[in-house]
Amino acid sequence: MASSRRDRQNPRFDQAAEQGNERSGPHLKLGTGRAIAHHGEILQGVFENEDGHLLRGLITLPLAAQQSTATYWPNGPGRIRTRPPGRGKAAKAAALTLKHLGFANIGGDLTIESDIPIGHGYGSSTADVVAAIRAVAAGAGVNLRCSTLSKLAVQAEGASDAIAYGEQMVLFAHRQGDIIEHLGGDYPPLQVVGFRSGGARPIDTLNLPRARYDQQQIAQFKALRGLAFRAVKQQDPRLIGYVATASARIGQHHLAKPDLETILNLAKAFDACGVQVSHSGTLMGVIFDPTEPGVVQRSRLLRDQLERSGYEGVITFFVNVDGVFRQ
Amino acid sequence: MTGKGDVPRSFEAPRIVRLERNLYAACFSLMKLLPARYILDRAQAAGRLLPGGSVVETTSGTFGLALAMTTAVRGFELTLVTANSLIDPPLRRRLEQLGASLHVVEDASGSGAQAERLMLLKKVLERRPETYWPQQYDNPDNRWAYGSFAESVCREIGRVDCLVGCVGSGGSLCGTGGLLREMFAELVILAVDTQNSVLFGHPPGPRLLRGLGNSVLPSNLQHELIDDVHWVGVLPAFAAARQLYRQHAVFMGPTSGAAALVAAWYARRQPDATTLVILPDEGHRYQHTLYNDDWLVGIKGWPVDVPREPVTLSRIEAAGEGDWTRLAWARRALATVTAGSCRS
Ligand SMILES: Cc1ncc(COP(=O)(O)O)c(C=O)c1O
């Protein structure tokens with residue numbers, strides 16, 4: 001049952017590997033791949049899949065202004081070496097991708113250039129992993145579905161996020177690499193003033209204890225999933241704000257942001273849509289509707305106030321709008 | 001869970017219809033299917049209810065029917081404790097055809113015999129301690145069962161500004177309302193009760209509008225969630241149900257009539273707010289009563305016109321079966337409001 005479902009979602013996942021076995025090394029060329037960062041989550045919790053089983057899942061908030069770029073040079077049989085050295089997860093992802101594409105035991109050099117800060121919840125490691133997978137795929141001259149990419153990413157690092165899906169808003173099972181629900185299309189247009197909690201230290205995300213949720217929270221996640229779907233359908237940033245705020249509040253029971261209440265009050269004062277957090281990091285973001293009149297002014301004033309209050313890494317970024325990535 | 005043993009699940013989701021530009025109604029065929037299935041799921045998952053096990057509940061109405069449907073397809077034995085004043089022969093036949101055993105308590109005074117029913121239920125539990133008692137009044141799962149309903153509301157409507165619903169156990173209104181308010185902090189919640197129900201402080205007495213109201217206080221009713229309470233007598237409830245059918249071809253039971261009456265009033269007064277009303281069951285069970293003119297002529301006070309607005313009270317005060325009264329509850333605890341009412 002489980003495997004047939006996998007096959008349906010990823011019809012080429014196993015097939016490609018089989019075909020690949022008949023190929024050999026010489027098809028590989030130099031390949032480059034890119035992947036974006038994220039700014040934590042719009043929603044994180046547990047959600048029922050089609051069979052009624054509860055899966056941990058999330059909706060990522062993409063941050064396209066920061067990226068990781070990976071370049072892969074094939075190099076005959078052997079290991080994958082990374083530059084900078086020690087990017088073990090990216091190396092593993094490259095090796096898994098080579099194997100998946102039928103190039104068993106082929107090694108190479110993997111260079112990673114990234115402007116994504118490490119350890120605050122921007123998804124730097126997933127971005128490296130996804131960029132590495134894309135670089136290898138490009139080197140092999142093949143296209144990989146987002147679902148295949150995500151599966152490989154989870155195999156490489158244990159848990160992933162949904163950045164492979166770009167501006168498609170999906171409810172993503174980050175420990176399986178599966179989609180729980182395609183939420184129906186693109187993210188609504190969003191403008192986010194993001195920052196890190198003052199003085200916050202980087203967090204080792206994989207070693208955080210897993211959150212336990214009670215029946216009330218599980219019921220709440222159902223409602224939030226429904227509202228996220230509606231937000232995409234109506235392309236309504238306000239609804240995204242409600243989802244993110246409620247999810248951030250539930251997150252307080254697990255990895256508390258000491259200043260969440262302060263930020264919620266600020267968001268209200270500046271007539272923002274809501275507040276999002278990274279559920280396994282220190283990031284917070286105030287969400288605005290970029291199509292509203294006066295939003296440029298309001299978000300700038302908020303930004304000034306946050307900087308004066310000592311918050312670090314204050315940025316303004318956009319999702320699914322015409323024009324700039326970042327101010 | 002899908003497949004065998006889960007047919008009633010396909011009936012548990014309501015149809016959400018738009019009655020007016022700013023007024024939506026969630027029309028349930030049988031709302032109680034939702035908590036019945038959810039509570040049994042949880043009991044099974046916890047190992048509290050084993051295959052072929054037995055279930056007992058005291059109920060006079062739709063929760064019993066929903067339990068009977070769900071236990072029938074899942075192969076559990078069901079015992080229902082009810083009173084002769086509460087159960088009509090067609091419902092009794094339906095329950096028995098689904099395999100439920102009925103214990104019917106004598107209730108000469110017509111008050112519902114809640115205490116006698118509970119005593120009998122306790123006896124069943126003593127005799128067979130492995131029997132599972134869902135306890136819809138106090139089991140919080142009755143509220144969290146409405147997560148899937150809140151999800152449908154969000155998917156189909158999005159933001160809601162006002163939620164209107166009946167209160168019997170409090171499960172549907174406080175479950176749904178609590179979940180929606182977590183997202184929409186300004187959500188206004190209007191509770192619909194009836195005359196002589198203790199839920200919002202009336203002294204207990206005979207209740208002619210059945211299905212909502214209560215003679216005991218369930219802990220699933222969370223008074224602090226409620227902005228306004230409306231007490232609707234049986235006559236305006238019947239009239240409103242018939243009007244709902246005539247105007248919108250929405251064929252629902254009497255408690256739905258009461259809720260629709262309150263919701264339409266709020267929606268008229270607040271044209272910019274999106275109002276949602278929960279309508280708990282369909283009209284088929286009431287064809288020989290509320291939808292039968294020959295039966296209605298026997299009801300004292302019938303016919304009545306559908307009232308346009310309630311009488312606003314300044315303190316808790318019981319009224320007659322022809323009345324529709326309202327009190328600004330302001331999210332207070334029951335004790336706070338009753339204390340205030342005594343002083344004034
Ligand atoms: C017809 C009808 N309306 C309303 C209600 C009240 O719902 P709740 O128990 O969720 O408060 C019930 C409850 O049994 C009912 O059967």
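First the proteins, then the strands, lettered A, B, ... as listed; each starts at 1.
Counting all heavy atoms, side chain and backbone alike, B/Leu187 lies closest to B/Arg331 at O-NH2, 3.2 Å. Between A/Gln220 and B/Gly178 the shortest heavy-atom distance is OE1-O, 4.4 Å.
Considering A/Glu41, A/His279, A/Gln44 in turn, A/His279 is the only one that fulfils the side chain to side chain donor-acceptor pair (under 3.5 Å) rule with A/Ser247.
Under the 30°/60° scheme for interplanar angles, the aromatic rings of A/His39 and A/Phe317 are found to be tilted. Aromatic ring pairs are classed by plane angle as parallel below 30°, tilted from 30° to 60° and perpendicular above 60°; the pair A/Phe221 and A/Phe47 is tilted.
Using a 4.5 Å cut-off between heavy atoms, A/Ile218 does not touch chain B at all. Neither the backbone nor the side chain of A/Gln234 comes within contact range of chain B, judged by heavy atoms closer than 4.5 Å. With a threshold of 4.5 angstrom between heavy atoms, B/Arg42 approaches chain A through side-chain atoms but not through N, CA, C or O. For B/Phe149, no part lies near chain A; criterion is any non-hydrogen pair under 4.5 Å. Contacts between A/Arg249 and chain B at a heavy-atom distance below 4.5 Å involve the side chain alone, from C-beta outward. When heavy atoms are compared at a cutoff of 4.5 Å, A/Leu227 approaches chain B by way of both its backbone and its side chain.
Inspection of non-hydrogen atoms places no residue of residues 17-28 of chain B under 4.5 Å from chain A.
Aromatic pair A/Tyr213/A/His253: centroids not less than 6.0 angstrom apart.
Between B/Asp161 and B/Arg159, at least one side-chain nitrogen of the basic residue sits less than 4.0 Å from a carboxylate oxygen of the acidic one, meeting the salt-bridge criterion. Between B/Glu57 and B/Lys32 there is no salt bridge, since no side-chain nitrogen of the basic residue lies less than 4.0 Å from a carboxylate oxygen of the acidic one.
Contact count against chain A (heavy-atom pairs under 4.5 Å) is highest for B/Ile157 among B/Ile157, B/Thr176, B/Val153, B/Asp141.
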Please assess A/Gln191 against A/Ser299 for the test side-chain hydrogen bond (donor to acceptor under 3.5 Å, both in side chains), listing each intermediate value before the final yes or no.
CA-CA 9 Å; A/Gln191 175 168 349; A/Ser299 61; 3.0 Å; yes
